[in-house]
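Notes to accompany the following structure.
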Amino acid sequence: MRTVAEKHVIRIHPSIKRTFCKSCNIVLVSGHTCRIRLRSKKETHTVVTCLLCGTIKRFMWRKSYNFWLDRPEAWLNKEKKKS
């Protein structure tokens, strides 16, 4: 899926993109192919560790954060110009 998206210059939604390891491209399944830990020192975040290659991904938790695709300015307006 990642190869097709890169070839055709298509953005994958972040929720889908987070389910794949960046280095070995394996599907991350909790308990089988990855380990998920919740950390809360200064800022709370999730740590996902790939069990195959050891790559670590960190995701911050912020109530005010929205994905770019969920924002209205990410979508093109198809308004017709009046002439």
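Source: prediction; values computed, not measured.
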Once side-chain contact (heavy atoms from CB on, under 4.5 Å) is applied, do any residues pair with L51, and if so which ones, sequence neighbours excluded?
R35
With sequence neighbours excluded, residues passing side-chain contact (heavy atoms from CB on, under 4.5 Å) with R11
W68
Minimum side-chain heavy-atom gap [X]-[Y] below 4.5 Å:
| X | Y | value |
| --- | --- | --- |
| N25 | R2 | yes |
| L28 | C50 | yes |
| M1 | T3 | no |

To the nearest 0.5 Å, what is the distance between OG1 on T49 and CD1 on I56?
4.5 Å
I36/T46 under side-chain contact (heavy atoms from CB on, under 4.5 Å): CA gap, chis, key distance, verdict:
CA-CA 7 Å; I36 299 177; T46 303; 3.6 Å; yes
Output side-chain donor-acceptor pairs under 3.5 Å for residues 12-23, partner residues at least two apart or in another chain, one line each.
{"residue": "H13", "atom": "ND1", "partner": "S15", "partner atom": "N", "Å": "3.3"}
{"residue": "H13", "atom": "ND1", "partner": "S15", "partner atom": "OG", "Å": "2.9"}
{"residue": "T19", "atom": "OG1", "partner": "I16", "partner atom": "O", "Å": "2.5"}
{"residue": "S23", "atom": "OG", "partner": "T55", "partner atom": "OG1", "Å": "2.7"}

Kindly work out whether a path of hydrophobic side-chain contacts (I/L/V/M/F/W/Y, heavy atoms less than 4.5 Å apart) joins I26 to F59.
yes
